[in-house]
Amino acid sequence: MESSNGGVAVGRAHTFNHYQSAAPLTPLPLPHRIGRVPALAPHFQQRELTEALSVPPGRPLILTGTAGTGKTQLAVRYAETAWERGELQLLLWVADAGRETVTAAYVQAAQDILGRYFPDPAEGAQAFLNWLRPAGGTKPRPWLIVLDGVTEPAELAEGLWPPASPVGRVLVTSSRRDFDRAMSPVIVPVRSFTDQEAAAYLERALGAHRSGPPGSADVAVLAERLGALPASLALAVRHIAAEDIDVKAYLRRLEDRGSDVSAAHAPLRLTIDAANRRHPAGVALPLLQFAAVLAEEGAPKQVLTSEAGLRLLTWLRASRGGEKADRAPVTADDVTRATQVLYDLSLVDRREYLTHVTMPVEAPVRRDVLADVPAGVLPGLVYGAAEALLDGWPEVEDNQHFAGNLRTNAFALLWGRGDGNGMRRGIHPVAFRAGRSAGEWGQFAEAQFLCARLAAEAADVLGADHPDVLKARACAARWRGEAGDTLGAIPELAVVREVQERLGALRPDTLMTRFVLARFARMLTDAGPDAMAALRSVLDDRTRVLGPEHLDTLRTRAELLFGRLAEGHREGSAGAFALLVDAEMLLADVEAVARPGHQQTIVARHLLSVAQLLQDGPLRAAEIAAQAVADARAALGPEHPVTLDCRKWAAYLDVVQGKAKAGAELTDLLADQLRLLGPDHPGTLSTRGFVAVWRENSGDTERAFQEYLALLADRRRVLGPDHPRTLETLHAVADHHSSRGDAMSAVVALSELVSRRSRVVGPDHLDTLSARSDLGRCRGEAGDPLGAVIDLAAVAADQGRILGPDHDVTLLTRHKLAWYRGKAGDAEGAVAAFTDLVAERRAALSERDPRVVDTGKALTYWRRLAHESSTGQPPDLPAHMGETRPLLPRWRASRLHAED
């Protein structure tokens, strides 16, 4: 399914469903075409039923007949004629029109016309159907919808049939006639050519042949032999022209082919035979067989010419010839020549994309070719094709369309004939490669579905405890967690790990499951001690089993560094230099074993940028981030999620530096993520948070507040209420309530935050202590200074125990506590507390440090208030707390986004 702006690719037996976003920023102008309208056949023959196609709008037109009678060609002529005459504002063509493909086409049309992204296909389809209904008083928008190849009319009757409209037309091609009579369809039977039509077609098509126009007797015999079937006659014409023979010679070949071949199939078989005889002899048919078990859209050429692909073609050619078989190896040049032969004879098509070329094979050719494959050869053909697909699958797919094409071919090999082929040998590695590809491109739902289906079907064949089944379950759980449902993924991973450890605690699959479990635990607990300990255990085992230079080992080191950097952001500059050194060492070690543009190299460079921010600030960090963006664009392409993540971090550093371009960078990035990943992808949600930070830092606090509220609702829905990113957003919303003067709303939000963080990460976690400190302050702002004192005293004691009494965070809470002690009526106690704080601040900081200045002002305020309390007049100083909190805690704003 195509449209002018990319789209939703949905197929049936041979196509995996890719519901990925296609959200233009503005509606596309009318008139507009959606879908690939087939080309009108050369020498198109007018039919006696052409007049029957003149049906007024409002009643669907059904062209019905058996295969090969020319229904699609009549629909093409009808649609193109209406378009060329300017009768249409919208032309929508849906091929292989089943429920999935029609839904996808409607979603694409809604996105194009309305300029909105619809994550729910049913919602998008309904939006398009609503658009088709003309509103009173509006300008008419004539439309035509062609549903080509409907096999199950009942599938469309349930909510997908276009509405009756005075300006709309529906044209259907189908072998069925049992359409809902309530729609008053006009049924037009399409049969073979009449004798006159067949003669006219053959005389016109063959009139320019070098042997001269065929005789009327020969034309009549040929039409009778082929049943005057338009598709068969067209194949015969192409064969006669390609083989440079006359009609009599073609008729002799039909007789030689045998009476076992039906009239409809005889021309196709002759054409295939002719292609296989051409140089390189014997390669065209194996190549067709190879392509026939792949997806209908075809596989990239590098799959057909991979080493495994050439071995398969060599085996297929040898398997047909018996003792006289040609066993010489098929070469890549042979494949190129055979592909051209097949294309010249119209047996395959050729589609060129930006980075690859595919060789689609139409369904009738596929069916005929596969019907001729011996039953004993078919399993080897499917397995060999899977080996070739895996062999031709690059480590890095350079664009999303290419990656989706490879995955669609894997799906066709696994389930193209309605079952999981080859499961008795175990799950083929190409299936896991397809799942990894979907996940790495941010298509988490597709990856989870693929792996879950693999696990379920393989369990029936191999048993629930087979290593491949456990690996598939672990992969499905991993992608479930990456999509945001980390809490749901962890229990499944724990169950799988328990069984895997019985099979071998140090097997690579077991180590991978342990790694993903530890990673998710780190994300959920914000680098809690148990999670970090689990990661260190995985690192020790991977170092011992795989070696220190293995990429999985280095990836575990990177994950540990993620956690330590998150701790560094919370705790300030302490230990920043050690983190920077470790980040530099990690990058050097990764570069020693991987190329500069490898994904892990890019991630390591990103981590170095984060460490540099902690140590020296944003300037040098931004330079490193810019290099990571350049490397990602060059190696992975502009659409890859890692590239998008690198752009996000670079844009955030521009926000930190106050650069004017930061807002445009973030909004452009967000548009790309909506288009490529969809609105619910964790990375998209993360960028929305960065946009809110940018608006806040730019002074647009009202809009930032509204964006935080919307983001909180979406993160609750997608990630769950207890996810760390959801809780961070809740904290930001509470901050805004407070700064807007709505202290009670802030107290409500912070009370929920403290409760959830205490349960998820524990009461002593720094994030929990931060929320408790803010809750105490907001209680005071809400008019409960005594409650604030009680809360803040407990928090200060816990922070002193965990961080130390002189830690900056502890001193900040003590500042709040001293202030509200005075507000609660103990001015003398406030003076004493601020006197101690001033002394401690001055001992550690310069006199000009804002924290020293704020604490000094607060001391002066309470000292004068205590002295003048007898007069009842407050001192002539602003009654503000002074040092309350950072505008937005830096560690929260710059949370490592790659884990999103």
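Position 1 is the first residue of the sequence, and the numbers go up from there.
The side-chain heavy atoms of E665 and F690, taken from C-beta on, include no pair separated by under 4.5 Å. With contacts defined as side-chain heavy-atom distances shorter than 4.5 Å, the pair Q612/L619 does not qualify. Using a 4.5 Å heavy-atom cutoff, the side chains of H737 and F705 are in contact. Using a 4.5 Å cut-off on side-chain heavy atoms (C-beta onward), P641 and E440 make no contact. Within the 4.5 Å cutoff, the side chain of H681 has heavy atoms near those of the F444 side chain. Under the 4.5 Å side-chain criterion, counting only non-hydrogen atoms from C-beta, F515 is in contact with R555. Counting heavy atoms from C-beta on, the side chains of L817 and V789 come closer than 4.5 Å. The side-chain heavy atoms of L730 and R716, taken from C-beta on, include a pair separated by under 4.5 Å.
We find that R688 and E707 are not joined by a salt bridge, their nearest charged nitrogen and carboxylate oxygen being 4.0 Å or further apart. One finds a salt bridge joining E702 and R740 here, because a Lys/Arg side-chain nitrogen approaches an Asp/Glu carboxylate oxygen to under 4.0 Å. Look at E696 and R703 and you find no salt bridge, because none of the NZ, NE, NH1 or NH2 atoms lies under 4.0 Å from a carboxylate O. By the 4.0 Å N-to-carboxylate-O rule, E752 lies close enough to R756 to be salt-bridged with it. Using a 4.0 Å cut-off between a side-chain N of Lys or Arg and a carboxylate O of Asp or Glu, R851 and D849 qualify as a salt bridge. The pair R772-D791 fails the salt-bridge criterion, with no side-chain N (NZ, NE, NH1 or NH2) lying under 4.0 Å from an Asp/Glu carboxylate O. At a threshold of 4.0 Å, the pair D485-R480 counts as salt-bridged, since one of the basic side-chain nitrogens sits closer than that to a carboxylate oxygen. A salt bridge between R717 and D680 is present, with a side-chain N of the basic residue lying under 4.0 Å from a carboxylate O of the acidic one. Salt-bridge check for R757 with D722: failed, with every basic side-chain N at 4.0 Å or more from each acidic carboxylate O. A salt bridge does not link K661 to D668: none of the charged nitrogens lies less than 4.0 Å from a carboxylate oxygen. Between D672 and R647, at least one side-chain N (NZ, or NE/NH1/NH2) sits under 4.0 Å from a carboxylate O, which counts as a salt bridge.
Aromatic ring centres of Y652 and W694: separated by at least 6.0 Å.
L769 CG to D774 CG: the interatomic distance, rounded to the nearest 0.5 Å, is 11.5 Å. Of the inter-residue distances, the one linking R777 atom CZ with L792 atom CG reads 9.5 Å to the nearest 0.5 angstrom. If you take CZ on R841 and OG on S846, they are separated by 11.5 Å, rounding to the nearest 0.5 Å. How far OG1 of T486 is from CZ of R519: 8.5 Å, rounded to the nearest 0.5 Å.
Scanning both residues, L517 and R497, for their nearest heavy atoms gives CD1-NH1, 3.7 Å. Listed here is the closest heavy atom pair of L653 and S609: CD1-OG, 3.7 Å. Listed here is the closest heavy atom pair of G689 and Y708: O-OH, 4.3 Å. The two residues A833 and R821 come nearest to each other via the heavy atoms CB-NH1, 4.4 Å. In this structure, V754 and L775 approach most closely via the heavy-atom pair CG2-CD2, 4.1 Å. The shortest heavy-atom contact between A583 and L607 is CB-O, 4.2 Å.
For the residue pair D526/H765, the side-chain donor-acceptor check at 3.5 Å is not satisfied. With no hydrogens or angles considered, a side-chain donor-acceptor pair links R715 and T729 at under 3.5 Å. Side-chain contact, S537 with R514: a donor N or O sits under 3.5 Å from an acceptor N or O.
Although no hydrogens or angles enter the test, the distance criterion places no donor-acceptor pair under 3.5 Å between the side chain of S773 and the main chain of S770. Counting only distance, with no hydrogens or angles, the side chain of S758 and the backbone of P763 share no donor-acceptor pair below 3.5 Å.
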Where do R725 and L685 land on the side chain to side chain contact (heavy atoms under 4.5 Å, CB included) test, with the steps shown first? CA-CA 9 Å; R725 305 294 88 77; L685 298 175; over 6 Å; no
Begin with the C-alpha distance, continue with both residues' side-chain angles, and end with the deciding distance and a verdict on salt bridge (Lys or Arg N to Asp or Glu O under 4.0 Å) for D764 and R801. CA-CA 10 Å; D764 290 346; R801 171 175 55 83; 3.2 Å; yes
Using the side chain to side chain donor-acceptor pair (under 3.5 Å) rule, take H606 and D645 through it: C-alpha gap first, then chi angles, then the decisive distance, then the call. CA-CA 9 Å; H606 161 70; D645 274 346; over 6 Å; no
